[in-house]
Amino acid sequence: MPDTTTGFGFRRADFPQGFTFGAATSAYQIEGARFGGAGPSHWDTFAATPGNTVRAEDGRLACDHYHRWPADLDLVRDAGLDAYRFSISWARVMPEGRGTPNAEGLDFYDRLVDGMLARGLAPWATLYHWELPAALADLGGWRNRDVAGWFADYTALVMARLGDRIHATAPVNEPWCVAWLSHFLGHHAPGLRDIRAAARAMHHVLLAHGRAIEVMRGLGLGNLGAVMNFEYALPADESAESEHAARLYDGIYNRWFVGGVLERAYPEDVLEGLGPHMPDGWQDDMALIGQDLDWIGINYYTCKRLAANPESPWPGLREAPGPLPTTDMGWEICPDGLLHFLTRLKDLTSGRLPIVVTENGLAAATPLEDRERIAYLEAHLGAARQAIAEGVPLAGYFIWSLLDNYEWAFGYEKRFGLVHVDFETLERTPKASWHALRRAMEREPVTAQEAR
Ligand code: IFM
């Protein structure tokens with residue numbers, strides 16, 4: 001039985017009026033990719049290739065959210081949350097990535113969005129959370145400049161259908177993962193380790209973001225943002241080499257994407273390495289990439305310690321272990337990093353853009369009492385409150401994730417959910433963190449004076 005006695009040390013009332021609390025998921029990680037006429041994605045083929053994912057696990061069934069979504073949305077509502085952040089699978093609504101849409105796929109998202117509204121949940125949509133249609137991967141995927149146009153057409157199709165009911169939209173989840181993790185480090189689909197491919201993907205993913213924003217503005221839609229992941233880069237020791245390594249890691253991971261989207265410029269230190277591999281004429285795209293946004297989303301999990309690796313060509317980095325306790329992902333628990341980025345983004349935007357923590361959470365395989373998750377969320381929400389007290393225009397906070405789900409190359413063993421999923425029976429059981437959240441989310445009774 002879950003231990004429901006452990007609670008959070010905060011309540012909804014400790015946050016500003018109108019602050020949004022939500023939970024986040026993504027299509028491939030929960031829906032089940034083999035249903036409803038969805039086409040294959042590069043994650044299906046990546047996972048089918050030996051050695052790429054733990055036990056060759058893939059998202060073919062995942063949490064079967066495709067069939068169980070009403071009960072899953074009930075769990076979001078019953079936790080007392082205000083919003084649900086979900087993603088739309090490109091391969092589900094356009095099985096070939098271009099051309100004929102899959103009506104069944106569009107109908108699914110139609111029902112899902114209506115289901116959120118019926119439960120009083122604000123729909124926060126992400127248009128790309130990593131399942132590129134395999135037919136587009138055949139054409140070079142994110143290496144091919146045409147991907148921006150394909151993505152714009154897909155955006156137009158989806159948003160013409162759903163846009164009237166979506167509360168907030170971001171085109172791409174975590175461009176660093178789409179580009180660097182997948183084309184330079186090779187840990188995610190398509191599993192490339194190639195600097196030229198990486199440079200192209202680093203640019204094209206932002207070009208696709210820009211084209212999608214342009215399309216949505218053209219449809220008259222608002223509340224458009226960008227969701228980027230941030231890692232707090234710290235030097236492994238006090239040497240100048242480690243300082244430099246941390247700065248460069250920050251450039252590749254963090255400054256490249258905020259630079260493009262918020263400043264219309266890529267950082268010089270990263271261009272030193274990527275410049276020779278960039279697509280011709282990239283400079284001409286920067287105005288499109290850096291269009292006005294309505295909010296900015298931070299996905300934050302951890303910090304990294306960096307040192308120089310003189311044996312390696314550019315960027316010549318090495319990660320070192322740090323002293324803080326770690327999660328099941330091996331990631332240090334470092335809420336200071338969240339405060340760092342909230343403050344940094346406020347300064348970068350002169351406080352004019354609302355900021356939202358669009359993902360934060362941990363993998364912990366603990367049983368249902370779930371003390372680690374409660375402590376992690378409490379610490380990071382503490383950093384969020386401090387940021388607000390220091391004047392950061394923080395407007396919301398989404399927990400990753402609603403359910404235990406498919407953690408990409410790590411398969412099903414890393415458990416990020418507020419709700420436990422038994423992957424044999426697919427039974428859902430709320431963990432103590434879900435119960436604690438529900439108590440913290442309760443609204444204070446309105447006093448007679450307030451009601452007047
Ligand atoms: O599961 C992922 C998610 O898909 C994107 N952000 C980070 C999460 C945890 O690794």
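Reckoned from all heavy atoms, side chains included, excluding hydrogens, waters and symmetry mates. Numbering of ligands and ligand atoms starts at 1, following listing order.
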For Arg193, does the CZ atom have more than 12 heavy-atom neighbours from other residues, nucleotides or ligands under 6.0 Å away?
->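 No, CZ of Arg193 has 12 or fewer neighbouring heavy atoms, counting only those of other groups under 6.0 Å.
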Over 12 foreign heavy atoms within 6.0 Å of CZ, Arg196 =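 Atom CZ in Arg196 is not crowded, with 12 or fewer foreign heavy atoms closer than 6.0 Å.
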Heavy-atom contact under 4.0 Å between Trp331 and ligand 1?
->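 Yes.
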Under 6.0 Å between the ring centres of Trp130 and His42?
->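 Not under 6.0 Å, so no.
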Do His129 and Trp400 have ring centroids that are under 6.0 Å from one another?
->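 Yes.
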From Tyr301, Trp408, Phe416 - option closest to atom 8 (C) of ligand 1 by heavy atom =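 Nearest heavy atom to atom 8 (C) of ligand 1 lies in Tyr301.
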Should the pair Arg92 and Phe108 be classed as cation-pi, given the thresholds of under 6.0 Å to the six-membered ring centre and 45° from the axis?
->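 Flagged: Arg92 positioned over aromatic ring of Phe108.
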N or O pair under 3.5 Å between [X] and ligand 1:
| X | result |
| --- | --- |
| Asn173 | no |
| Glu174 | yes |
| Asn405 | no |
| His129 | yes |

Rounded to the nearest 0.5 Å, how far does CH2 of Trp180 lie from CD1 of Ile195?
->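 If I round to the nearest 0.5 Å, the distance is 5.5 Å.
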Under 4.0 Å to a heavy atom of Trp130 - the qualifying atoms of ligand 1, by number =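 So the answer, numbered in order with elements, is 4 (O), 5 (C).
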Element-labelled atoms of ligand 1 that are located less than 4.0 Å from some non-hydrogen atom of Glu359 |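 This gives 3 (C), 5 (C), 6 (N), 7 (C), 8 (C) as the contact atoms.
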When you measure from atom 2 (C) of ligand 1 to every protein heavy atom, which one gives the shortest distance, and what is it?
->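 In this structure, atom 2 (C) of ligand 1 has Glu407 OE1, 3.6 Å as its nearest protein heavy atom.
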Are a donor atom and an acceptor atom from the side chains of Ser89 and Tyr109 found within less than 3.5 Å of each other?
->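 Side chains of Ser89 and Tyr109: no pair found under 3.5 Å.
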